[in-house]
Amino acid sequence: MEIGELLQKCRLEQGKTQKAWAGEVISPSFYSKVEKGLNRISAEDLLQLLEANQIPLWEFFSQLEGEAGRQKKWEKDLRARLMQAYYHGSQADFQELFQEVQASNFPDKEEQLLIVAGWMETVKDDKDGDEALRQRIKEKIFNIASFDKKKLMLYCNFMDFYDLDSNRYLSRQIVEKYRQTRDVDIQVALLAIIVNLLSDFADLRQSSGAEYFIEAGKQIPTRPELFFYKNSLLFFENLLAYQADPKEERLEYCRLAVRNCYLLGMPEYGQEVEKFLQEHM
């Protein structure tokens, strides 16, 4: 719930008009736009408004944070379940999540529906893909002004919709911006982007330019939250090296990374990586 929506809720509970509620703090016309989300109210005016209408600060902000907290938890859970559906290649799970989001009442529902639909696209063959949908997602990513955390996560999830040259250019910009970050969420996204890009390099048997991204990934300190991505980095680093110079040692490291997937409870993903290895040795 936004500040304007919560102010409106509190006002209606007291049975006041917007003019009576705004009082001498701000003009009724300005306040009307605050409720609609068209104007931003300053912290000073907000505090005066709450005090004038006998709304305890702790009560107002606990309601505001509670709603935001519920949405944040819901979005985190949604991302985790999308990831699971992706690793299992389950269109049925994607459909269930799509229906769940559709039935929700969160303010960014349309954006979340687009994201779920985009994830469904990532497990389709290109020949079966919805080009119009993919273009909408690319435009959404492009329209976010800078590579903040939100744009980073979106791009990471939907790199498949770009060609290798575009991904190489965008990924280098991201690495340059974030290679020194200590934010774990950004480190996860950064490693995922690097791994996705290396997968494209290996798929095309093209190692030129890959070393930069491999080294950037290796410079990120290994920690428990990053183990999966570090394991994937190990796999693609050695597969690319094997493609350039087929030494058995490199292949053994690839097989070790595959075994780790099975041992850590990701058999479906392990099978996909093993299949990729067989096709690109």
Side-chain angles (χ1 to χ4, degrees), residues 83 86-89 122-126 147 152-153 155-281:
M83 192 72 75
Y86 175 78
Y87 285 138
H88 293 133
T122 62
V123 296
K124 292 181 181 178
D125 292 333
D126 286 341
F147 267 108
L152 200 60
M153 297 296 183
Y155 173 64
C156 170
N157 293 337
F158 303 122
M159 287 178 71
D160 285 350
F161 301 162
Y162 296 83
D163 60 46
L164 178 60
D165 286 339
S166 297
N167 276 329
R168 183 160 38 190
Y169 171 74
L170 291 169
S171 297
R172 193 176 187 99
Q173 283 188 308
I174 292 166
V175 168
E176 288 298 320
K177 180 174 182 178
Y178 288 114
R179 67 188 311 156
Q180 302 300 326
T181 184
R182 295 184 179 181
D183 184 311
V184 178
D185 289 337
I186 293 180
Q187 288 177 338
V188 166
L190 193 58
L191 282 169
I193 287 168
I194 290 171
V195 167
N196 289 342
L197 185 60
L198 294 179
S199 172
D200 287 343
F201 275 118
D203 191 37
L204 296 172
R205 298 178 183 273
Q206 180 179 327
S207 60
S208 177
E211 187 63 29
Y212 169 83
F213 296 100
I214 291 169
E215 288 306 312
K218 290 167 73 173
Q219 285 173 13
I220 297 174
T222 301
R223 52 199 303 170
E225 303 95 319
L226 306 179
F227 181 80
F228 167 77
Y229 301 97
K230 285 285 191 167
N231 188 63
S232 299
L233 181 64
L234 173 72
F235 174 85
F236 285 110
E237 176 189 4
N238 283 280
L239 177 56
L240 285 164
Y242 181 82
Q243 288 177 341
D245 183 12
K247 293 181 178 178
E248 184 63 26
E249 177 189 7
R250 292 296 190 177
L251 204 54
E252 193 54 41
Y253 277 119
C254 292
R255 291 174 179 142
L256 177 62
V258 171
R259 284 199 295 274
N260 284 339
C261 295
Y262 284 104
L263 290 171
L264 295 174
M266 300 180 68
E268 296 94 341
Y269 186 73
Q271 288 169 8
E272 288 297 316
V273 177
E274 192 168 19
K275 180 182 177 184
F276 190 93
L277 177 60
Q278 293 300 322
E279 292 173 351
H280 296 85
M281 285 169 53

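What's counted below: heavy atoms across the whole structure, side chains too, no hydrogens, waters or symmetry copies. Quick caveat: nothing in here was measured; it's all calculated off a predicted structure.
- With sequence neighbours left out, S171 forms a side-chain contact (heavy atoms from CB on, under 4.5 Å) with Y155, M159, I193, L197, F213.
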Which pairs would a plain distance check flag for residues 231-240, meaning a side-chain donor or acceptor within less than 3.5 Å of a matching protein atom at least two apart in sequence or in another chain?
| from | atom 1 | to | atom 2 | distance (Å) |
| --- | --- | --- | --- | --- |
| N231 | OD1 | N260 | ND2 | 2.8 |
| N231 | ND2 | A257 | O | 3.0 |
| S232 | OG | F228 | O | 3.2 |
| E237 | OE2 | K218 | NZ | 3.1 |
| N238 | OD1 | R250 | NH1 | 2.9 |
| N238 | ND2 | L234 | O | 2.8 |

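- Between I194 and L198 there is a side-chain heavy-atom pair separated by less than 4.5 Å.
- The minimum heavy-atom distance linking C156 with A192 is given by the pair SG-CB, 3.3 Å.
- For the residue pair P221 and Q187, the shortest heavy atom distance occurs at CD-NE2, 4.3 Å.
- Contact record, S208 with R168: O-NH1, 3.3 Å, taken as the closest heavy-atom pair.
- Y253 OH to K247 NZ: the interatomic distance, rounded to the nearest 0.5 Å, is 12.5 Å.
- Only one option out of I174, V195, L152 pairs with L190 in a side chain to side chain contact (heavy atoms under 4.5 Å, CB included); it is I174.
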Would L170 and Q173 count as a side chain to side chain contact (heavy atoms under 4.5 Å, CB included) if you check the C-alpha gap in whole Å, the side-chain angles of each, and the deciding distance to 0.1 Å?
CA-CA 5 Å; L170 291 169; Q173 283 188 308; 3.8 Å; yes
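- A heavy-atom distance below 4.5 Å is not found between the side chains of I220 and Y229.
- Rounded to the nearest 0.5 Å, atoms CG (N167) and OG (S199) are 10.5 Å apart.
- Of all heavy-atom pairs between R223 and R182, the closest is NH1-O, 4.5 Å.
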Atom pairs and distances, side-chain donor-acceptor, residues 270-281, under 3.5 Å, sequence neighbours left out:
| from | atom 1 | to | atom 2 | distance (Å) |
| --- | --- | --- | --- | --- |
| E274 | OE1 | Y262 | OH | 2.8 |
| H280 | ND1 | F276 | O | 2.8 |
| H280 | NE2 | D203 | OD1 | 2.7 |

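- Residues V188 and E225 share a closest heavy-atom pair of CG2-O, 4.3 Å.
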